[in-house]
Peer 1: 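Take a look at the following structure, please.
So you know, we letter chains A, B, ... as the sequences are listed, proteins then strands, and number each from 1.
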There are 2 protein chains.
Amino acid sequence: MAASRRPTLADVAREVGVSAKTVSRVLNEDGPASARTREQVLAAVAKLGFQPNLMARNIRVGGPDTTIGLVVPDLANPFFAAVARGIEDTVRNRGLTLLMGSSADDPEREHALTAQFLARRVSILIVVPSVGADHSGLKPHRTAGLPVLFLDRPGVGLATDSIVSSNRAGAHEGVAHLIAHGHRRIGFVGDLPVKLYTRRERLAGYRAALKEADIPYDRSLVASAHDQQGAEAATSHLLGLADPPTALFAGNNIMALGVVAELARSKRKHVAVVAFDDVSLAEALEPALTVVAQDPAEVGRKAAATSLARLDGDRSRARTITVPTRLIVRGSGEQPAATP
Amino acid sequence: MAASRRPTLADVAREVGVSAKTVSRVLNEDGPASARTREQVLAAVAKLGFQPNLMARNIRVGGPDTTIGLVVPDLANPFFAAVARGIEDTVRNRGLTLLMGSSADDPEREHALTAQFLARRVSILIVVPSVGADHSGLKPHRTAGLPVLFLDRPGVGLATDSIVSSNRAGAHEGVAHLIAHGHRRIGFVGDLPVKLYTRRERLAGYRAALKEADIPYDRSLVASAHDQQGAEAATSHLLGLADPPTALFAGNNIMALGVVAELARSKRKHVAVVAFDDVSLAEALEPALTVVAQDPAEVGRKAAATSLARLDGDRSRARTITVPTRLIVRGSGEQPAATP
DNA sequence: CTGAAAGCGCTAACAA
DNA sequence: TTGTTAGCGCTTTCAG
C-alpha cells in the first residue's frame with residue numbers, strides 16, 4: 001500500500017469547508033466557535049485521523065518545546081532510572097515529556113546529547129555532568145531563559161542549580177557505623193574515575209570518619225573499579241592483602257553489588273559491609289546489607305521542582321540542594337571486627 | 001538580566017554578510033561552500049552561540065522527527081530500564097533520541113503518551129501495551145509509514161511487529177526444574193491484572209509443566225500482587241495454607257523480590273524458589289536464586305533493529321519475534337521437597 | 001463568530 | 001560558489 005500523506009490542518013479545513021484558523025481555534029479552544037462548526041470540525045478530525053503537528057505549532061508560537069531533556073550516565077542504572085521516574089512524576093501534570101539519553105560518562109557523548117536537546121528547544125535541561133565536561137557553552141541558553149540543572153554532581157563552567165545527595169556526611173555516618181562496631185581496618189571500594197565528584201566526596205567522608213577515630217588513612221585499603229566485575233576483583237584484592245580489612249565500604253550501588261557478590265562467592269560472611277546507595281534484596285541477604293540509602297526519586301522530584309520554578313520565572317541565585325541520605329542498619333555493618 | 005532572544009540562522013547570516021541558505025549549507029554540509037565562507041560562518045555560529053532549531057528544520061524537510069517514542073509501564077522497573085538501554089544503544093548511531101514515558105499500565109495515560117508522540121512525529125513508536133488499551137487508532141499512522149512495535153506483550157487492534165520473551169516455555173522450564181527436584185505443591189505468585197499477557201503465558205507454562213508431571217492444578221496455590229509488598233503478603237498467605245506449597249514460582253522480577261524478601265524475613269530457607277526474570281544479587285542470596293532469565297537488552301535491541309528495518313522500507317508481513325529465556329540454576333530450586 | 005494574510009526558522013528548487 | 005523565492009504546518013494579527 002502506498003504511504004498516504006498525513007492529514008494537515010488544511011485538509012481538515014477543506015473537509016469541513018472552513019478556514020484553517022477555525023479548525024485551529026476549535027482544537028486549541030482558543031477564541032469562539034459555533035457549536036455546529038465545532039462538531040463538524042471534530043468529526044472531520046476523527047474521520048481523517050488528524051494529529052496536529054506539534055513541531056509546526058512550536059515553531060510558530062516560538063516558546064520552548066514541551067519536553068525536558070535529561071542526560072544521565074546510564075539509563076539502566078537503577079539509581080538514574082529512579083531519578084528519571086521522580087522527574088517524570090513531577091513534570092507530567094505540566095505536560096512535559098522526557099527526552100533521555102545515556103552519556104556513558106563520556107564528555108563527547110554528553111555534549112552531543114545536550115546539543116541535540118538544545119536544538120530541540122527543550123523547556124528544561126537536566127544533566128548529570130561527566131568528568132572533564134565543560135558547560136560554559138550553556139551560558140547563553142541559560143541567559144535566554146533555559147533552566148539548566150546539574151544532578152548528582154556539580155557542573156563545571158556554569159553557575160546554576162544543582163541537586164546532590166549528602167555524600168560526605170552519608171559516607172561519614174556509614175563508616176562511623178563500622179568503626180563503632182570495632183573495625184579499624186576498613187576497605188573502600190570506589191568507582192572510577194577517581195576525580196568523580198561523588199567518589200571524592202564519599203572518600204572524604206570515609207577519611208573524616210577515620211580521622212575522628214584516630215585511625216590512620218591507609219591508601220592500600222582503597223580500591224577502585226568501573227563495574228560490578230571490577231568491584232568483585234577489587235574486593236578479592238583487598239581481602240588478599242597481608243593485613244586485610246575486616247570491613248568494607250562500597251562507594252555506590254554497583255560497587256555494592258560487586259562487594260556483596262564476591263563476599264558471597266568466597267564465603268566470607270564475617271567481613272562487615274556498608275554500602276552507599278540502597279540495592280534491591282539488601283534485606284534478604286545474610287547478613288542483611290546495611291546501607292547509606294539515597295533517595296533517587298526525591299532527587300528527581302527536587303530537580304524537577306527547582307527547574308519548574310525557574311521556568312516560572314524564579315530569578316533567585318543559583319543554589320545547591322542537598323538531599324539527605326539515611327543510614328539503614330540491617331546487620332552487615334555489625335559483623336565482629338576480630339577475625340577468627 | 002533580560003532574556004535575550006536565541007539567535008537564528010538569519011542572525012548568523014547577517015553577522016557574516018551572506019544569505020541564510022549559505023549558512024544552512026555550511027552547517028548541513030550540503031552543497032559547496034568556499035573555505036573562507038565556511039570559516040566565517042563557523043566563527044559566527046560559535047560567537048553567537050547559534051543552535052539550529054531542529055523543529056523548524058523538520059517542519060521544512062517534512063520527514064519524521066529524529067526521535068523514537070517509547071511507552072513503558074514504569075521507567076524505574078529494571079527490566080524496562082534495561083530494554084530502553086538496549087533500544088538506545090541500537091538507534092544511537094542513526095541519530096535517534098529516546099522520548100520516554102511511563103503509562104503505569106493505565107490505558108488512558110498510555111493513550112495520552114502515544115498521542116503526544118504522534119504529534120511530535122516520532123520516527124518510530126514502541127509501546128508496551130496496557131491491558132484494556134486499543135490500538136486501532138494507530139492504523140493510519142502505520143499506513144503513513146510509521147513503524148509501530150509492541151514490546152513485551154502483543155497489542156490489540158493493530159497487526160504489527162512485536163517482541164516478546166519466551167514466557168510460556170520459560171515458565172514451563174522453571175517449574176519443571178522444581179518438579180524434577182521432587183516438588184508437587186508449587187505456588188505461583190503472579191502479577192496483576194490477571195489478564196496481563198505475560199502473567200497468562202507464564203501461568204500457562206506453569207500449568208503445562210504440572211500437567212506433564214500429572215500434578216493436578218490447584219487454584220489455591222495461585223496468588224497475585226501488584227507490587228513487592230503485595231508479593232510478600234501473597235507469599236506469606238501461601239505458606240500459611242493448611243497444606244502449604246514446598247516451592248514457589250515468582251511470575252516476574254518484582255514478584256521475585258517480594259517472594260525472596262518474605263522467605264528471608266520469615267526464615268524459611270527450605271522453600272524452593274524459581275523466579276521469572278533475573279534480579280541483581282541473585283547469586284549472593286542463600287540459597288542463590290534460580291531464575292528463568294530474560295534478556296531485556298536483547299529485547300530492546302531486537303525491537304529497535306526491527307523498527308529500523310521498517311523505517312528503511314521493509315514491507316514484509318508483521319511478525320512476532322520471541323527472545324529466548326534461559327534457566328540459570330543457582331540453587332534455590334533444589335531445596336528438598338520434604339518439609340521437616 | 002469567521003477568514004485572509006503574514007510569518008515562525010528553516011530548506012528545496014531554481015537561478016545567477 | 002552563492003542568492004532568491006517559496007513554502008513546510010501552524011498560529012498571530014487584523015479585518016470582516
Side-chain angles (χ1 to χ4, degrees), chain A residues 4-42 44-45 48-66 115-116 118-122 141 144-145, chain B residues 4-42 44-45 48-66 115-116 118-122 141 144-145:
Chain A
S4 65
R5 198 177 52 82
R6 273 201 185 71
T8 76
L9 205 64
D11 294 325
V12 177
R14 203 173 308 116
E15 175 85 12
V16 182
V18 296
S19 79
K21 178 62 210 178
T22 299
V23 176
S24 169
R25 267 197 277 258
V26 169
L27 294 179
N28 296 313
E29 297 182 357
D30 170 44
S34 78
R36 187 171 147 61
T37 310
R38 150 175 267 94
E39 254 177 63
Q40 289 182 308
V41 167
L42 261 30
V45 164
L48 299 181
F50 170 73
Q51 201 85 30
N53 187 326
L54 220 58
M55 292 189 289
R57 173 173 217 285
N58 259 294
I59 268 290
R60 182 60 249 232
V61 174
D65 189 19
T66 58
Q116 157 110 205
L118 291 172
R120 287 181 182 290
R121 300 295 188 263
V122 292
H141 296 92
Chain B
S4 66
R5 200 176 50 81
R6 274 201 185 71
T8 74
L9 205 62
D11 294 325
V12 177
R14 202 172 310 117
E15 175 86 13
V16 181
V18 296
S19 79
K21 178 66 208 178
T22 299
V23 178
S24 167
R25 266 196 278 257
V26 169
L27 293 179
N28 296 312
E29 295 180 0
D30 170 43
S34 78
R36 185 171 149 60
T37 310
R38 150 176 267 94
E39 254 176 64
Q40 290 182 304
V41 166
L42 260 30
V45 163
L48 300 181
F50 171 72
Q51 201 83 33
N53 187 324
L54 219 60
M55 292 189 288
R57 171 173 219 285
N58 258 293
I59 268 288
R60 179 64 251 228
V61 174
D65 188 19
T66 57
Q116 156 111 205
L118 291 172
R120 288 183 181 291
R121 301 295 188 261
V122 292
H141 297 93

Peer 1: Would you mind reporting whether B/L9 and B/L27 have side-chain heavy atoms less than 4.5 Å apart?
Peer 2: yes
Peer 1: Decide whether A/T66 and B/R120 meet the rule of one side-chain donor and one side-chain acceptor closer than 3.5 Å.
Peer 2: yes
Peer 1: Separation of B/K21 atom NZ from D/dC8 atom C1', in whole Å?
Peer 2: 14 Å
Peer 1: What is the minimum heavy-atom distance between B/T37 and B/T22, and which atoms define it?
Peer 2: CG2-CG2, 3.7 Å
Peer 1: How long is the line joining CG of B/D65 and P of C/dC10, in whole Å?
Peer 2: 15 Å
Peer 1: Considering all heavy atoms of both residues, which atom of B/V12 and which atom of B/A44 are nearest to each other, and what is their separation?
Peer 2: CG1-CB, 3.9 Å
Peer 1: Give one of base, sugar-phosphate or nothing for A/N28, where a contact means two heavy atoms less than 4.0 Å apart.
Peer 2: sugar-phosphate
Peer 1: Between D/dT11 atom P and B/M55 atom CE, what is the distance in whole Å?
Peer 2: 13 Å
Peer 1: Whole Å only: how far is the CD atom of B/E29 from the P atom of C/dT11?
Peer 2: 13 Å
Peer 1: Can you tell me if A/T22 touches the phosphate of C/dG3, counting only side-chain N or O atoms and a distance under 4.0 Å to OP1 or OP2?
Peer 2: yes
Peer 1: From CZ of A/R57 over to C1' of D/dT12, roughly how many Å is that when rounded to an integer?
Peer 2: 11 Å
Peer 1: What is the distance, to the nearest angstrom, from the CG atom on B/D11 to the P atom on C/dG9?
Peer 2: 8 Å
Peer 1: Between A/V23 and B/A56, which has a closest nucleotide on DNA chain D that is more 5'?
Peer 2: B/A56
Peer 1: Take the protein atom CZ of A/R120 and the nucleotide atom P of C/dC10, then report the distance between them rounded to whole Å.
Peer 2: 14 Å
Peer 1: Taking C-beta and beyond as the side chain, do A/R57 and A/N28 meet within less than 4.5 Å on heavy atoms?
Peer 2: yes
Peer 1: Has A/S19 got a side-chain N or O lying under 4.0 Å from the OP1 or OP2 atom of C/dG3?
Peer 2: yes
Peer 1: Confirm from the modelled atom types if A/R60 and C/dG7 form a donor-acceptor pair under 3.5 Å, side chain to base only.
Peer 2: yes
Peer 1: For DNA chain C, which residues in residues 31-39 of chain A have a heavy atom at a distance below 4.0 Å?
Peer 2: A/P32, A/A33, A/S34, A/T37
Peer 1: If you compare all heavy atoms of B/E29 against all heavy atoms of B/R38, which two are closest, and at what distance to 0.1 Å?
Peer 2: CG-NH2, 4.2 Å
Peer 1: Using modelled atom types and a 3.5 Å cut-off, is there a donor and acceptor pairing between side-chain atoms of A/N58 and backbone atoms of A/M55?
Peer 2: no
Peer 1: From the set C/dC8, D/dT11, C/dA13, return the single nucleotide nearest to any side-chain atom of A/I59.
Peer 2: C/dC8
Peer 1: Could you state the atom-to-atom distance from CD of A/Q51 to P of D/dC10 in whole Å?
Peer 2: 11 Å
Peer 1: Under the 3.5 Å rule, do the base of C/dG3 and the side chain of A/R25 count as making a donor-acceptor pair?
Peer 2: yes
Peer 1: Does B/V18 or A/P52 map to a spot on DNA chain D nearer the 5' end, using the closest nucleotide for each?
Peer 2: B/V18
